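Presented below is the structure to which this report refers.
Treat the numbers as computed from the prediction; the structure is a model and nothing was measured. Protein chains get the first letters and strands the later ones, always in sequence-line order, with residue 1 at the start of each.
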Amino acid sequence: MCFKWVAAEGELRVDPATRAVDASSARRKISDYDRNTIEAARVAAGSIGSELVGLTFGGPDARTGIKDALARGVDRAVHVVADEGARADGHVTAHVLAAQVRRLEDVDLVLCTEGASDTYAHETGPRLGELLGWPVVTNVRELTVEGRTLRAVRVLGADLETVECDLPALVTVVPEVAPAPIPGLRSVLGAAKKPSEQVPVADLGLPAGAVTARTTVTSFLGYVAARRRVVLADGAAQDKVDALVAGLAQDGVLR
Amino acid sequence: MSEDTEAVDVIVVGAGLAGIACAYRLALAGRSVVLVERGTTAGSKNVSGGRLYTYALEAVEPGLTRAAPFERAVVREQIVMMDDDRSMTVSLAGPPAAAGDLPASVTVLRSRFDAWFADRAEAAGVMLATGIRVDSLLIEDGRVVGIMAGGEEMRAGVVVAADGVNSFLAREAGLVGELSAHAVGIGVKEVIALDAATIEDRFGVGPGEGAATLMLGCTAGVHGGAFLYTNSGSVSLGIVVSPDQMTASGTTTHGMLQALKAHPALRPLIAGGTTLEYAAHLVREDGWRGVPKRLARGGFLVTGEAAGFVLNLGYTVRGMDLALVSGVAAAEAIVAGGDLETAYRAALDRSGLPATMRAADGYADLMGIERLYRTYPGLVLDVVQSMFTVDARAPRPLRTQVRAAMRANHVPLRAVLRDGLVGVRSI
């Protein structure tokens with residue numbers, strides 16, 4: 001399964017004047033939805049007696065995230081360490097993950113979350129499946145593996161669709177796929193004894209084109225809801241109430 | 001106990017400075033140690049004013065101060081007496097008192113500092129488990145044999161409670177009772193971002209150097225005071241007050257802190273800064289009298305703030321240094337073996353902690369003088385202001401000015417004498 005180490009969105013600071021976003025003081029965490037994915041992957045791996053490898057691509061600080069992933073049930077972790085300052089988009093991330101998945105032997109199933117809690121771009125999973133040349137099943141809320149067959153239930157708005165495909169396959173899952181239990185004392189302590197590996201991105205031998213972002217972020221601003229800022233300060237209380245009611249009616253709040 | 005669970009030598013509960021110091025020293029001594037922390041990272045829930053005396057870091061391991069990610073070395077000490085709009089600052093700057101070129105005290109931000117310290121402990125072999133809440137002690141035949149956390153039991157030869165000011169483990173072990181409102185102050189603190197050059201300008205310090213400021217008379221007459229410490233790229237501004245008087249004062253700690261930020265003495269120091277974080281903490285104020293009669297029982301001991309090892313001296317609050325040395329003493333006691341209480345008391349005595357706390361015992365009486373928090377700062381300001389007032393009239397003798405100021409502040413001479421006597425006796 002693939003997980004992403006992201007800034008805690010609740011700790012981003014948005015400058016009210018410039019709307020500039022400051023992530024420097026935000027703590028980092030495993031993307032929230034990836035926690036559900038780890039649990040779903042743990043259950044799926046257990047059902048077929050397979051090893052669960054947690055795979056992440058990120059800066060050196062993702063070390064803490066690896067410990068968390070191991071505590072949550074990943075058997076072994078591989079951290080592809082991004083070059084300092086290098087920017088990765090879906091194109092780069094998918095190429096890096098695909099190269100690392102190929103280095104692992106006998107991979108039957110890769111689980112990704114539908115989107116990460118920071119960018120929510122919905123592209124890494126499908127891109128990765130395509131690069132591996134595997135069937136891709138998205139929006140999955142239930143999955144079972146029997147023999148060499150994957151059966152998945154997809155969410156289509158209010159409807160559910162059941163899909164089957166051969167392994168190996170790539171599945172992107174929604175958070176409802178599994179709960180994300182908080183790891184207990186023994187799991188947390190056990191994590192320190194599980195193997196993990198750090199792989200510099202250069203060791204993957206990817207061509208420059210694969211590790212060069214194709215999109216450029218030109219601006220990153222906080223979204224500040226526009227407020228009307230109408231202040232009813234003048235006049236008697238009755239006038240102010242009348243003005244408030246009239247204003248709310250005009251905006252369709254009151255009918 | 002099921003087959004797959006293994007017992008460890010020691011479980012330390014709480015990755016604050018006492019807990020980390022204890023676990024670190026035990027690991028260095030070759031013991032298997034599990035350090036359990038409720039926060040998601042060590043330091044994420046830990047709050048203190050932010051000044052650390054370095055002798056205690058050196059007591060954990062010589063050379064530790066130099067390796068530590070502290071904010072600034074304190075080279076300037078200031079005491080500010082204030083009333084609603086006036087202030088008088090006593091500022092002491094000079095060569096550091098500590099040996100060599102080591103600063104005697106440094107400022108720290110706990111989230112950064114504790115994370116580093118816990119990392120170092122882990123590298124020494126401590127098994128750190130964060131995000132785990134300990135629910136209770138495991139007690140068999142009158143002996144503490146482990147902990148219960150989230151329905152899981154874990155066994156150890158000794159459990160160390162380093163779970164902070166409101167230690168429920170020490171209560172469960174029967175060593176302490178409920179905290180009384182008289183025994184604690186409430187501390188609230190804001191960390192306000194300012195760039196390094198601005199800090200160095202405003203506080204008259206060089207790069208890497210900082211100031212520690214304590215303020216009296218800013219608590220609306222309520223028993224307490226305030227502090228301002230400089231960090232690398234921020235200042236820590238906090239106020240510590242007595243909660244049982246707060247309700248009567250009609251204001252809130254938060255309100256007091258906001259009023260302090262607007263005070264003419266403070267406003268220019270923090271102008272243009274943005275508040276990064278807001279935190280609150282209970283501060284023990286009962287000194288040595290608040291330390292439990294027994295610090296250990298079979299398989300269990302209590303250390304750091306959980307054991308009441310905090311000193312509020314009025315001009316400074318000492319918590320972190322006492323936490324470090326008591327954590328070290330706890331580790332030494334466990335390594336020494338034998339009766340825990342005896343070994344722990346002996347190790348504490350060697351550290352000098354009980355002597356330090358007993359020497360400051362009378363401060364509780366001094367701090368109990370109500371006039372210290374509004375009347376005396378106002379009185380001193382009146383006297384000093386009249387000293388500096390020059391007009392066409394003939395200057396009055398100083399004693400006349402003092403008497404006039406005392407009358408204006410409704411302080412009879414006998415009250416000053418009585419308070420003075422308490423003050424002299426207590427220090």
Can a salt bridge be assigned to the pair A:R186 and B:E153 using a cut-off of 4.0 Å between side-chain N and carboxylate O? no

Go through the atoms of A:K29 and report whether side chain, backbone, both or neither lie under 4.5 Å from a heavy atom of chain B. neither

What is the minimum heavy-atom distance between A:K67 and B:L128, and which atoms define it? NZ-O, 3.5 Å

May I ask you to test the B:T274-A:R13 pair for a side-chain heavy-atom distance under 4.5 Å? no

Side chain, backbone, both or neither: which part of B:T130 has a heavy atom under 4.5 Å from chain A? backbone

For A:I182 and B:G131, work out which heavy atoms get closest and say how close. CG2-O, 4.3 Å

Need one label for B:L276: side chain, backbone, both or neither, based on atoms under 4.5 Å from any heavy atom in chain A. both

Need one label for A:L185: side chain, backbone, both or neither, based on atoms under 4.5 Å from any heavy atom in chain B. both

The reported gap from CG in B:D119 to OG1 in A:T64 (rounded to nearest 0.5 angstrom) is 7.5 Å

Kindly check if the number of other-residue, nucleotide or ligand heavy atoms within 6.0 Å of CZ (B:F203) is above 12? yes

Heavy atoms from other residues, nucleotides or ligands near CG of A:D234 exceed 12 (cutoff 6.0 Å): no

For B:V34, which atoms come within 4.5 Å of any heavy atom of chain A: side chain, backbone, both, or neither? side chain

Would you mind reporting whether B:S44 and A:R27 have side-chain heavy atoms less than 4.5 Å apart? yes

Any side-chain heavy atom of B:E277 within less than 4.5 Å of one from A:E11? no

Residue list, ring pair (Phe, Tyr, Trp, His ring centres under 6.0 Å) with B:F227, at least two apart or on another chain: B:Y229

Grab the two heavy atoms, one from A:G184 and one from B:I132, that are nearest each other, plus how far apart they are. C-CD1, 3.4 Å

